[in-house]
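Take a look at the structure set out below.
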Amino acid sequence: MPDPARRDADILHEALHTNIDLKAVTEVICCRTPSQLLHLKHLYVSLFGVYLEHDIQSQTSGDHEKFDQKLVEQDAKALYKAGEKRLGTDETTFRNIFGERSRAHMAAVSSAYQNTNKSTLRKVILAFFLYS
């Protein structure tokens, strides 16, 4: 039985080349931690000789980019509701979002947070977690 990363690589390759199943691709990618995704990306290129990102871009439309932006906006709103908007801090929401999202995604969340709220995400984190 293959290890989980190998299984994910096989699922993604089949979903992107054989039966074009973007739901399966989205499920695998969205349910992995950043470190799991990094390992998966390295394994994918070693197994199939092509970058995972290239295969995904060649098979998807702009809908996945919109999906990512929607997730960024949802995360920014969730962090606002878990921090600035409430009395006290919902640390679980912060942990879940920061623990499950990539660095690039979090940079986009930080930008979206600043665009829709009065303060920056960094200031909120410092205020609620370092000074409380």
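Residue indices begin at 1 and follow the sequence shown.
Every residue meeting the ring-ring contact (aromatic ring centres under 6.0 Å, His included) condition with Phe48, not counting sequence neighbours, appears here in chain and number order: His13, Tyr44.
Put simply, CG on Asn96 and CD on Glu91 are 11.5 Å apart, with the number rounded to the nearest 0.5 Å. Rounding to the nearest 0.5 angstrom, the gap separating the NE2 atom in His105 from the CD1 atom in Ile97 is 7.5 Å. Taken to the nearest 0.5 Å, the CG atom of Leu37 stands 11.0 Å off from the CD atom of Glu100. Distance check: Asp21 CG to Leu16 CG gives 9.0 Å after rounding to the nearest 0.5 Å.
Contact check for Leu71 versus Arg101: side-chain heavy atoms found under the 4.5 Å cut-off. Leu79 has its side chain within reach of Phe94: a pair of non-hydrogen atoms, C-beta onward, lies under 4.5 Å apart. When side chains are defined from C-beta on, Leu47 counts as touching Arg6, because their heavy atoms get closer than 4.5 Å.
Shortest non-hydrogen contact noted between Ser119 and Val124 is OG-CG2, 3.4 Å. Annotation for Ala9 and Leu43: closest pair CB-CD2, 4.5 Å, computed over non-hydrogen atoms. Residue Ala15 comes nearest to Val25 through the heavy atom pair CB-CG2, 3.7 Å, listed as atom of the first residue, atom of the second, then distance. Here the closest heavy-atom approach between residue Ala112 and residue Ala76 is recorded as CB-CB, 4.1 Å.
Put simply, Val50 and Ile11 are part of the same group of oily side chains (I, L, V, M, F, W, Y) that touch within less than 4.5 Å, one to the next. Linking Ile, Leu, Val, Met, Phe, Trp and Tyr whenever their side-chain heavy atoms come within less than 4.5 Å puts Phe98 and Tyr80 in one cluster. In this structure, Val72 is a member of the same hydrophobic cluster as Ile125, with clusters built from ILVMFWY side-chain heavy atoms closer than 4.5 Å.
Sparse packing is recorded around NE2 of His54, with 12 or fewer heavy atoms of other residues, nucleotides or ligands lying under 6.0 Å away.
Checked by atom type and distance alone, the side chain of Ser110 never pairs as donor or acceptor with a backbone atom of Met106 at under 3.5 Å.
When the options Asp55, Ile56, Leu40 are evaluated for a side-chain contact (heavy atoms from CB on, under 4.5 Å) with Leu12, the one that passes is Leu40. Checking Lys77, Gln69, Lys70 one by one against Glu73, the side-chain hydrogen bond (donor to acceptor under 3.5 Å, both in side chains) holds for a single residue, Gln69.
Checked by atom type, the side-chain pair Glu53/Gln57 shows no donor-acceptor distance below 3.5 Å.
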